[in-house]
Amino acid sequence: MKIDASRQRSSIEPRQSSTTRKAAASGWIGSALEYYDWFIYAQAAALVFPGVFFPAGNPTVALIASLGTYAVGYVARPIGAFVLGQWGDKHGRKNVLVLAMLMMGASTFAVALLPTYGQVGVLAPVLLVAVRLIQGFAVAGELSGASAMIVEHAPFGRRGFYASFALQGTQAGQIIAAAVFLPLSAMLSSESFKSWGWRIPFLLSALVVFAGAMIRRRVEETPIFTEEKAHQEIPKMPIVRVLRESGLDVVRAICMTLVNVVGVTVAVFGAAYATQPGYGVGMSTTVYLWIPVLANVVALALIPLFGDLSDRFGRRPLMIFGSLSSGVLAYAYLYAVSQNNVLLTIILSILMWGTLYQVWNATFASYFQELFPARTRVTGFAISQNIGLVITAFLPSIFTAIAPPGSANVPLIIGSICFGICIIGAVAAWSARETYRIPLNQLGTPDATPVPREEYRQFRAGTR
């Protein structure tokens, strides 16, 4: 493929720094706001919903069902990825981000208004599943659109650094979600918290949707999308094209996405294992809520550093190292939980989730974007990530079914599954091509030529 010289130069020369910073800030704030919505549901599903939306009498069944409603949101994500990914590739990155924000905020607010099982019986979990499906549909377009916006605005040699801010935003959303629950669980009685206190974080999503929509509307569309549109290079069916042109990369990205099992093991199954009475660990709910907060505070500081390292040394080494190193610590982390050793649990969560997992987490957004060409970038990212997340999302329920309350050797059983899945992700990263020195308008093309290392270093030096 021959690339026009002027277009190649424009793809590797530095962008205006103000535009780059604005795109990164928008991605950070928007991701934080949307993932606040997503993770307050995850917290509630593990800590509150089993006794609110499901019949009493069998805590194991109620817990599995509650975690299943968490997973149901991921079932809708491939559908949302199909629709919103194509929308982003056909109508623009900015357009899809505003749409996703509005849908996510409205569906999360609706959770706060739902009746309980004691009020309406089986209709309660049915309604919960319905709004969760809408949540999953909406969030499917968030990170794919936000990171595409950032990568396409970022200067050559700094794409990994700037794209990492969208992931830093997702960690901030998790912190805010846990931080909202903390004072409520501490100040309210258990009865009050389970009766009405848990609804407050969901009601606050009204502020989320308003603030996020205002921020997103002010972001400029990316130059490369505008150029593709001007040259009438926008495909009518991006999903067909991405599967035809980049099918193997879709499979690789799906496998790499499975490394999210690390976060699921700590934040979802770990919460249930530590706090649900049936497991007999007896860790305080309030104490456990601090664990993701502390781990993610560390992650906030480290993510830009790891993003910058991926610009210096490449995406693949960090993807492989982050997958294997964080996955192997699942054994130790779950053992610390089983012993109700709060200090060791916090230390290992910071090391496993807040540090080593972030090596992978800070890198994957830029790497996934760089595997696909601009014409199918949002679709390729969205489809790959969300299919992988569907698989990952059912793992808490599978973990609970394999190692239900009362089981022995939970750390060994669940730790082995977690580490095995991380090995799959590492192998997928090893099999993929390196992308960090490929110019923007050559990304996703089979004959793309990396910029020589010395020339690449000069471009990086000119963008600091």
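Looking at L114 and V131, their side chains come closer than 4.5 Å, going by heavy atoms from C-beta outward. Side-chain contact check for Q168 versus P304: some heavy-atom pair is nearer than 4.5 Å. At least one side-chain heavy atom of L84 sits under 4.5 Å from a side-chain heavy atom of L99. For the pair D249 and R433, the minimum side-chain heavy-atom distance is below 4.5 Å. For the pair M256/Y367, a side-chain contact is recorded, criterion being any heavy-atom separation below 4.5 Å from C-beta on. With contacts defined as side-chain heavy-atom distances shorter than 4.5 Å, the pair V250/F372 qualifies. Between V151 and L440 the shortest side-chain heavy-atom distance falls below 4.5 Å. Residues R93 and S144 have side chains not in contact (no heavy-atom distance under 4.5 Å, counting atoms from C-beta outward).
Considering all non-hydrogen atoms of both residues, P405 and T400 come closest at CD-CG2, 4.4 Å. Nearest heavy atom pair, residue A81 against residue I383, reads CB-N, 3.8 Å. Across C418 and G327, no two heavy atoms sit closer than the pair SG-O, 4.4 Å. Taking both residues in full, the closest heavy atoms of S416 and L412 are given as OG-O, 2.7 Å, listed atom of the first, atom of the second, then distance. Of all the heavy atoms in A365 and L167, the pair that sits closest is CB-CD2, 3.1 Å. Listed here is the closest heavy atom pair of L258 and G388: CD2-O, 3.5 Å.
Proximity of a side-chain donor or acceptor of N386 to a complementary backbone N or O of A382 within less than 3.5 Å is detected. A donor-acceptor contact shorter than 3.5 Å is absent between the side chain of Q369 and the backbone of F381. A donor-acceptor pair is defined here as one N or O able to donate and one able to accept, closer than 3.5 Å; such a pair exists between the side chain of N341 and the backbone of L344. Proximity of a side-chain donor or acceptor of S431 to a complementary backbone N or O of A428 within less than 3.5 Å is detected. A side-chain donor-acceptor contact under 3.5 Å links R437 to the backbone of V451. Checking side-chain atoms of S326 against main-chain N and O of W353 turns up no donor-acceptor pair under 3.5 Å. Between the side chain of R199 and the backbone N or O of A112, at least one donor-acceptor pair lies under 3.5 Å. Side chain of T379 to main chain of T376: no donor-acceptor pair is present (N/O by atom type, distance under 3.5 Å, no hydrogens or angles).
Residue I320 holds its CD1 atom at 12.5 Å from CD1 of I423, rounded to the nearest 0.5 Å. Atom CG of residue L329 and atom OG1 of residue T265 lie 11.5 Å apart, to the nearest 0.5 angstrom. Rounding to the nearest 0.5 Å places CZ of F306 at 8.0 Å from CZ of F321. Rounding to the nearest 0.5 Å gives a distance of 12.0 Å between CD1 of I387 and OG1 of T392. Going from atom CD1 of I303 over to atom OG1 of T363 covers 10.0 Å, rounded to the nearest 0.5 Å. Going from atom CG of N260 over to atom CG of N361 covers 7.0 Å, rounded to the nearest 0.5 Å.
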Between F419 and Y331, is the side chain to side chain contact (heavy atoms under 4.5 Å, CB included) condition met? List the steps. CA-CA 8 Å; F419 184 45; Y331 296 105; 4.2 Å; yes
Should W198 and L184 be marked as a side chain to side chain contact (heavy atoms under 4.5 Å, CB included) after you check the CA-CA gap, both sets of side-chain angles, and the distance that decides it? CA-CA 8 Å; W198 66 268; L184 293 172; over 6 Å; no
Worked check of side chain to side chain contact (heavy atoms under 4.5 Å, CB included) between M283 and T345: CA-CA 11 Å; M283 193 175 291; T345 299; 4.1 Å; yes
Criterion salt bridge (Lys or Arg N to Asp or Glu O under 4.0 Å) on E152 and R377, from CA distance to verdict: CA-CA 10 Å; E152 293 176 359; R377 179 162 293 137; 2.8 Å; yes
Audit row: D89, R241, salt bridge (Lys or Arg N to Asp or Glu O under 4.0 Å) steps and yes/no: CA-CA 11 Å; D89 281 326; R241 194 154 183 176; over 6 Å; no
Using the side chain to side chain donor-acceptor pair (under 3.5 Å) rule, take T108 and Q135 through it: C-alpha gap first, then chi angles, then the decisive distance, then the call. CA-CA 7 Å; T108 304; Q135 266 195 333; 2.8 Å; yes
Would you check, one step at a time, whether the test side chain to side chain contact (heavy atoms under 4.5 Å, CB included) holds for H153 with Y162? CA-CA 9 Å; H153 274 302; Y162 282 109; over 6 Å; no
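Atom OH of Y335 sits in a sparse spot, with 12 or fewer heavy atoms from other residues, nucleotides or ligands closer than 6.0 Å. When the shell of 6.0 Å around CG of L248 is examined, it contains 12 or fewer heavy atoms from other residues, nucleotides or ligands.
Classified by interplanar angle (parallel below 30°, tilted 30° to 60°, perpendicular above 60°), the ring pair Y273/F269 is parallel.
A ring-centre distance under 6.0 Å is found for Y456 and Y436. Aromatic pair F161/F165: ring centres closer than 6.0 Å.
Applying the salt bridge (Lys or Arg N to Asp or Glu O under 4.0 Å) definition to pairs two or more places apart or across chains, those involving residues 313-342 are D311-R315, R315-E370.
A donor and an acceptor atom, one from each side chain of Q385 and T257, are nowhere located under 3.5 Å apart.
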